[in-house]
Amino acid sequence: MSETLTITRPDDWHLHLRDGAMLAAVLPETARHFARAIIMPNLVPPVVTGAQAAAYRDRILAALPEGMAFQPLMTLYLTEDTDPEDVAAAAASGLVRAVKLYPAGATTNSASGVSDFDRVRGVLERMAEIGLPLCVHGEVTAADIDIFDRESVFIDRVLDPIRRATPGLRVVMEHITTAGAVDYVRAGGADLGATITTHHLVINRNHILVGGIHPHYYCLPVAKRETHRLALVAAATSGENRFFLGTDSAPHTDALKENACGCAGCFTATNTLSILAEVFEREGALDRLEGFVSRHGPAFYRLPENPDTITLTRGAPVQYPTGIETGDGPVTVFDPGFDLHWRVAP
Ligand code: NCD
Ligand code: ZN
């Protein structure tokens, strides 16, 4: 006898789809289960203007296989030269749903990000006026700050000052990794939300470093201690509507991951919902999975929930491929390290 769980179709509030051959290979992995996703703009060169976002959206839709439905929710990459009026026009047309802040040098393809926050003040004020969310990669980049402290230092030195200086600015703290970030979100008002990834609910820093270096567990922000993972699991499964799924599924080819200077990013699109169901089940919180993956995100982004549903069934362990083939080379699928019993019914 199998158990089933039917939930509103989910969305992914933080996704890297890349471009070209990689886009074509990874898009179906998300579109199979998710109706919509917030699409990260860290292409090379980045998606900075409304016109660039429109062109990227068209490339995504052109790469969507016949018969699949998917709505890309576009974002703009904030630079010190971003024009507030271009942002406002792209938001007014419904094309763009958020602006992404990368501190310069924080992560993959972030060289065009912000160094001097005073130079983006005009954009942030315009965004506060129109209610357009700012998605924040919350890590400082200063060489003297330990990589495991970069999120907490960012909250104190950058995020909190920006939020105080810009009343009404709506902020999503992306891919939070610390108990401190969970506390900060809880202490904030309705203008503050946070995405949590699938992999940060599963791995801590030991998974990356014990018994050899495991490059497929390396991502940014880097996974922290087990106490932090437990705080993230508690937040995700709490039912609090300020926490929602953003997988940060970030494909890199195996050649670029298994490398003397391996790229940051875990590719989780393929098995994310099976992993999340397992995590929520273990917490006795399966009834809260729908909130985390399907309801809290639309509420924050002021979008309707999806009209249709998906059904998960519990049974014998599901075998996912260990990787997918792309035109750029193989990409390894995130291995949670435990059996997955929930599958999404076709
Ligand atoms: C992302 C990527 O590869 O684009 N990598 C990652 O480790 N998460 C960039 C990002 O979101 O930081
Ligand atoms: Zn990301």
Side-chain angles (χ1 to χ4, degrees), residues 11-20 22-23 25-27 29-30 34 37-47 56 60 72-78 97-114 133-141 147-148 150-151 154 158-159 172-178 181 194-203 205 207-208 213-224 232 244-259 261-269 272 297 326 328-329 331-334:
D11 304 301
D12 184 350
W13 301 95
H14 180 132
L15 177 66
H16 298 270
L17 285 178
R18 316 300 191 201
D19 216 340
M22 184 65 83
L23 165 63
V26 300
L27 177 58
E29 300 299 296
T30 287
F34 293 88
I38 285 277
I39 308 300
M40 287 296 120
N42 64 332
L43 305 181
V44 187
V47 179
Y56 185 31
I60 294 168
L73 307 173
M74 306 310 292
T75 63
L76 298 179
Y77 186 120
L78 182 62
R97 301 295 178 175
V99 170
K100 175 76 189 217
L101 166 65
Y102 290 100
T107 187
T108 311
N109 305 334
S110 62
S112 318
V114 176
L134 180 71
C135 293
V136 176
H137 183 110
E139 289 190 289
V140 293
T141 56
I147 189 163
F148 291 100
R150 287 180 173 196
E151 182 172 283
F154 182 90
V158 183
L159 183 58
V172 183
M173 289 182 72
E174 301 280 67
H175 42 52
I176 57 170
T177 60
T178 57
T195 55
I196 301 177
T197 77
T198 305
H199 50 282
H200 288 113
L201 295 175
V202 173
I203 61 167
R205 62 197 200 174
H207 291 86
I208 310 170
I213 291 183
H214 299 269
H216 295 290
Y217 291 145
Y218 174 60
C219 65
L220 288 172
V222 70
K224 310 294 192 297
L232 298 174
F244 40 93
L245 175 66
T247 65
D248 195 17
S249 182
H252 294 277
T253 62
D254 289 347
L256 292 174
K257 293 285 294 174
E258 299 166 12
N259 189 295
C261 183
C263 290
C266 296
F267 178 62
T268 55
T272 271
T326 82
D328 294 340
V331 171
T332 293
V333 172
F334 178 76

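All figures in this text were calculated on a predicted structure; none of them were measured in a lab. Just follow the structure's listing: the first ligand is 1, and inside any ligand the first atom is 1.
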| field | N or O pair under 3.5 Å between L220 and ligand 1 | value | yes
Among the heavy atoms of [X], does any lie under 4.0 Å from an atom of ligand 1?
X	value
H252	yes
E174	no
R18	yes

Any sub-3.5 Å donor-acceptor pair from [X]'s side-chain atoms to [Y]'s backbone N or O?
X	Y	result
N109	N42	yes
S249	A269	yes
K224	V222	yes
K257	P251	no

| remark: The side chain to side chain donor-acceptor pair (under 3.5 Å) partner of T177 among R150, R205, H200, E151 is E151
| said: Does H14 form a ring pair (Phe, Tyr, Trp, His ring centres under 6.0 Å) with H175? I'd like the steps, not just the answer. | reply: CA-CA 8 Å; H14 180 132; H175 42 52; 5.0 Å; yes
| task | Could you check which N/O/S atom of H16 is closest to the Zn ion (ligand 2)? | result | NE2
Quick test: of every protein heavy atom, which one is nearest to [atom], and how far off is it to 0.1 Å?
atom	value
atom 5 (N) of ligand 1	A264 O, 3.1 Å
atom 1 (C) of ligand 1	H16 NE2, 3.6 Å
atom 12 (O) of ligand 1	T107 OG1, 2.7 Å
atom 8 (N) of ligand 1	D248 OD2, 2.7 Å

| How wide is the angle at the Zn ion (ligand 2) between OD1 of D248 and NE2 of H14, to the nearest 10°? | 90°
| field | Proximal atoms of ligand 1 relative to H137 (non-hydrogen, under 4.0 Å) | value | 12 (O)
| Atoms in ligand 1 flagged as close to G265, the criterion being non-hydrogen separation under 4.0 Å | 5 (N), 6 (C), 7 (O)
| task | Report yes if the distance between the aromatic ring centroids of H207 and H214 is under 6.0 Å, otherwise no. | result | no
| Side chain, backbone, both or neither: which part of M40 has a heavy atom under 4.0 Å from ligand 1? | neither
| message | Applying side-chain hydrogen bond (donor to acceptor under 3.5 Å, both in side chains) to T198 and T272, what does each step give before you reach the verdict? | response | CA-CA 6 Å; T198 305; T272 271; 3.2 Å; yes
